[in-house]
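See below for the structure under consideration.
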Amino acid sequence: MDEERVRIDKWLWAARFFKTRSRAKEAVVGGKVHIDGERVKPARSVHKGQTLTITLPAHQIVVVVKELYDQRGPATVAQTMYEETEDSIAKRTELADRHKAARAGLTFSKRKPSREDRRRLAQLKQRGYQV
């Protein structure tokens, strides 16, 4: 159902950022969702072209609203409702790479790498990790 405006909590649920509408509402009330840099209430309407900043437990996503639906549909439809900004994608992939490297045993420090650190780094590169 395409309308001119949809409540922000309904849109977040329909776009599959949250599993339930009540969780979407809690996130909006808790200040985890901003429209064009402003903190909003759950009843606030979202319009096409607006920029949403959504803070999730692991990272922050910045998206531009492309479509408005108030019903939850398949994931393929949900992905067409928004477009993530390039900066947001870059930050998210960098964070994912850091988590992957940390799980592999590499930690980043502010000091110069020791001999042991350089050996671990070389081993990770041989395994195909991007560091």
**Item:** Any Leu121 side-chain heavy atom under 4.5 Å of Glu116 side chain
**Value:** no
**Asked** Taking the side chain as C-beta and beyond, is there a heavy-atom pair between Leu56 and Ile61 under 4.5 Å?
**Response** yes
**Prompt:** Between Phe17 and Tyr82, what is the ring plane arrangement, given parallel below 30°, perpendicular above 60°, and tilted in between?
**Reply:** tilted
**Prompt:** Which is it for Thr85 and Val64 under the side-chain contact (heavy atoms from CB on, under 4.5 Å) test, yes or no, and what are the steps along the way?
**Reply:** CA-CA 7 Å; Thr85 62; Val64 177; 4.2 Å; yes
**Request:** Could you check if a side-chain atom of Thr80 sits within less than 4.5 angstrom of a side-chain atom of Lys66, using non-hydrogen atoms only?
**Result:** no
**Nearest-0.5 Å distance that lies between atom CZ in Arg21 and atom NZ in Lys25** = 8.0 Å
**Message:** Rounded to the nearest 0.5 Å, what separates atom CD1 in Ile54 from atom NZ in Lys32?
**Reply:** 13.0 Å
**Request:** Determine, using the 4.5 Å side-chain heavy-atom cutoff (strictly less than), whether Ile89 and Leu95 are members of one ILVMFWY cluster.
**Result:** no
**Item:** Derivation of the salt bridge (Lys or Arg N to Asp or Glu O under 4.0 Å) call for Asp9 and Arg23
**Value:** CA-CA 9 Å; Asp9 58 344; Arg23 285 192 183 173; over 6 Å; no
**Message:** Within this structure, what is the OG1-CD distance for the pair Thr51 and Glu38, rounded to the nearest 0.5 Å?
**Reply:** 12.0 Å
**Request:** Without swapping roles, check the side chain of Asp117 against the backbone of Ser114 for a donor-acceptor pair under 3.5 Å.
**Result:** yes
**Prompt:** Would Gln60 and Thr55 count as having a side-chain donor-acceptor pair, cut-off 3.5 Å?
**Reply:** yes
**Prompt:** When clusters are formed by joining ILVMFWY residues with side-chain heavy atoms under 4.5 Å apart, either directly or through shared neighbours, do Trp11 and Val77 land in the same one?
**Reply:** yes
**Asked** If two hydrophobic side chains count as joined below 4.5 Å and joins carry through other members, does Val63 share a cluster with Leu68?
**Response** yes
**Complete:** When rounded to the nearest 0.5 Å, the distance separating CZ of Arg5 from NE2 of His47 is 6.0 Å
**Message:** Please determine whether a side-chain nitrogen of the Lys or Arg among Glu84 and Arg92 lies less than 4.0 Å from a carboxylate oxygen of the Asp or Glu.
**Reply:** yes
**Item:** Residue among Glu67, Gln71, Arg72 satisfying side chain to side chain contact (heavy atoms under 4.5 Å, CB included) with Tyr69
**Value:** Glu67
**Request:** Kindly indicate, with the supporting measurements, whether the criterion side-chain contact (heavy atoms from CB on, under 4.5 Å) is fulfilled by Lys41 and Val29.
**Result:** CA-CA 6 Å; Lys41 294 182 179 180; Val29 169; over 6 Å; no
**Message:** Please report the interatomic distance CG(Leu52) to OG(Ser88), rounded to the nearest 0.5 Å.
**Reply:** 11.5 Å
**Prompt:** Can you check whether Arg7 reaches Pro42 side chain to side chain, under 4.5 Å on heavy atoms?
**Reply:** yes
**Message:** For the backbone of Gly73 and the side chain of Arg16, can you confirm whether one donor and one acceptor N or O come within less than 3.5 Å of each other?
**Reply:** yes
**Request:** Compare every heavy atom of Val40 with every heavy atom of Val28, then report the nearest pair and how far apart it is.
**Result:** CG1-O, 3.4 Å
**Prompt:** Which heavy atom in Ala14 sits nearest to a heavy atom in Ala78, and how many Å separate them?
**Reply:** O-CB, 3.7 Å
**Item:** From OG1 (Thr20) to CH2 (Trp13), nearest 0.5 Å
**Value:** 9.5 Å
